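Below is one structure, written out as structure tokens; comments come after it.
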Amino acid sequence: MANGVLVLHLVDDDGTVELVHDALRDSVRKADGRNAEPSVGLIDSQSIRTADTVPAATRGFDAGKKVKGRKRFLVTGTLGLLIAVHVVAASVQDRDGARRPLLWARLDHPQIQKYWANQGFAARLVDWTARILGRELDIVRKDPGQRGVQAQPKRWAIERTFSWLTAHRRLAWDYETIPARSETVIRWAMIGLMVRRLTRGRPATRSGPHPLVHTATA
């Protein structure tokens, strides 16, 4: 406490932020009628631009997304709640950057037997997950006839989580000098989201007119 203002330490040195986050996640799952421990996980990455103050040694260029900055790897459950987070340079390939968060998820949540991922995580990572972690990595592939961006079955929940995060001004870009601080800011954002969800006690509703619902005509 400094001058009557609570100071939040963004570097989670002693694990307190993670403990608070995980306790809230369990409470949200129970309030939703789920077991505290998830049995299925989702993994994906998001390349995000960085501020000029971010050290060059901790950022890179994602040639596929054409983004210079960092890459966030998340593992979530089917409710979109965070299980593991790992922030690296954007130049790191998905199949390489995913190993550490998958390992953390395996150690902290052994009940998870299967993970769903997109095509960017295929090939060697599928074999590594089965051989080293003893878990299944199921690749959800796009519909051959898909045009443009569409929500994929099974994976839409983690895409929504990225939307939740980038709605926070501090997470729209990465401003942190070290990746560990970025990971803690992500956990703080999820803590705020879960606290609001628990205190609200019901699903969120939007004010104003609802979007038009198109129905088929005979």
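Since the structure is predicted, the reported quantities are computational estimates derived from the model, not experimental observations.
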- request: Run the numbers on F73 and S45 for side-chain contact (heavy atoms from CB on, under 4.5 Å), then give the verdict.
  value: CA-CA 4 Å; F73 287 88; S45 68; 3.7 Å; yes
task: Determine, step by step, whether L82 and T161 satisfy the side-chain contact (heavy atoms from CB on, under 4.5 Å) criterion, reporting the C-alpha distance in whole Å, the side-chain angles of both residues, the deciding distance to 0.1 Å, and the verdict.
output: CA-CA 8 Å; L82 188 64; T161 304; 5.7 Å; no
message: Side-chain heavy atoms nearer than 4.5 Å, only ILVMFWY residues, links allowed to pass through others: does that put I158 and V88 together?
response: no
field: Flag side-chain contact, heavy atom, 4.5 Å: Q46 against K65
entry: no
- request: Supply the atom-to-atom distance D127 CG to L137 CG, rounded to the nearest 0.5 angstrom.
  value: 11.0 Å
field: Common cluster, V85/I43, ILVMFWY with side-chain heavy-atom separation under 4.5 Å
entry: no
- request: With rounding to the nearest 0.5 Å, note down the distance linking OG1 in T129 to CG in D138.
  value: 11.5 Å
- prompt: Considering all heavy atoms of both residues, which atom of S47 and which atom of A90 are nearest to each other, and what is their separation?
  reply: OG-CB, 4.4 Å
- prompt: In terms of side-chain geometry, is the basic nitrogen of R25 or D22 positioned less than 4.0 Å from the acidic oxygen of its partner?
  reply: yes
task: Determine, step by step, whether V17 and I191 satisfy the side-chain contact (heavy atoms from CB on, under 4.5 Å) criterion, reporting the C-alpha distance in whole Å, the side-chain angles of both residues, the deciding distance to 0.1 Å, and the verdict.
output: CA-CA 9 Å; V17 174; I191 286 172; 4.0 Å; yes
field: Minimum heavy-atom distance L165-L171, with the two atoms named
entry: O-CB, 3.2 Å
- prompt: Honestly curious: do V28 and I186 fall in one hydrophobic cluster under the side-chain, below-4.5 Å linking rule?
  reply: yes
query: Got a second to check how far L133's CG is from R99's CZ, nearest 0.5 Å?
result: 9.5 Å
message: Just so I know, are the side chains of T177 and T53 near enough to count as touching, which here means a heavy-atom distance under 4.5 Å?
response: no
query: So if you build clusters from Ile, Leu, Val, Met, Phe, Trp, Tyr with side-chain heavy-atom gaps below 4.5 Å, do I132 and I139 land together?
result: yes
- prompt: Would you say R29's side chain and A36's backbone share a donor-acceptor pair under 3.5 angstrom?
  reply: yes
- prompt: Can you name the nearest heavy-atom pair linking G80 to M190, along with the distance?
  reply: O-CE, 3.9 Å
query: If you group Ile, Leu, Val, Met, Phe, Trp and Tyr by side-chain heavy-atom gaps below 4.5 Å, do L79 and W116 land in one group?
result: yes
field: salt bridge (charged side-chain N to carboxylate O under 4.0 Å, His left out) partners of R34, counting only residues at least two apart
entry: D32
- request: Answer yes or no: are there more than 12 heavy-atom neighbours, outside R100 itself, under 6.0 Å from its atom CZ?
  value: no
task: Could you tell me which residues satisfy salt bridge (charged side-chain N to carboxylate O under 4.0 Å, His left out) with D52, sequence neighbours excluded, listed by chain and number?
output: none
Considering all heavy atoms, the nearest I83-T76 contact: CD1-C, 3.5 Å
statement: Rounded to the nearest 0.5 angstrom, the CZ-CG distance for F162 and D44 is 5.0 Å
- line: Contacts of W164 meeting ring-ring contact (aromatic ring centres under 6.0 Å, His included) (sequence neighbours excluded), chain-then-number -> none
- line: Rounding to 0.5 Å, atoms CG (L103) and CH2 (W128) come to a distance of 5.5 Å
message: Q113: which residues meet the side chain to side chain contact (heavy atoms under 4.5 Å, CB included) condition with it, sequence neighbours left out?
response: R135
- request: Please name the pair of heavy atoms, one in A51 and one in Y175, separated by the smallest distance, quoted to 0.1 Å.
  value: CB-CD2, 3.6 Å
- prompt: Between A157 and T78, what is the shortest heavy-atom contact and its length?
  reply: CB-O, 3.4 Å
query: OG/S27 to CZ/R197 distance, rounded to the nearest 0.5 angstrom?
result: 12.0 Å
task: May I ask you to decide whether R170 forms a salt bridge with E176, counting only side-chain N to carboxylate O separations under 4.0 Å?
output: yes
message: For the backbone of V87 and the side chain of E183, can you confirm whether one donor and one acceptor N or O come within less than 3.5 Å of each other?
response: yes
task: Test ring pair (Phe, Tyr, Trp, His ring centres under 6.0 Å) on H168 and W188 and set out the steps.
output: CA-CA 11 Å; H168 290 73; W188 273 119; over 10 Å; no
query: I48 versus T166: any side-chain heavy-atom pair under 4.5 Å?
result: yes
field: I178 vs T58, side-chain contact (heavy atoms from CB on, under 4.5 Å): CA-CA, chis, key distance, verdict
entry: CA-CA 7 Å; I178 57 175; T58 66; 5.9 Å; no
message: Listing request: all salt bridge (charged side-chain N to carboxylate O under 4.0 Å, His left out) pairs with a residue in residues 67-93, at least two apart in sequence or in separate chains.
response: D62-K71, R70-D174, K71-D94
task: Not counting sequence neighbours, which residues clear salt bridge (charged side-chain N to carboxylate O under 4.0 Å, His left out) with R169? List them please.
output: none
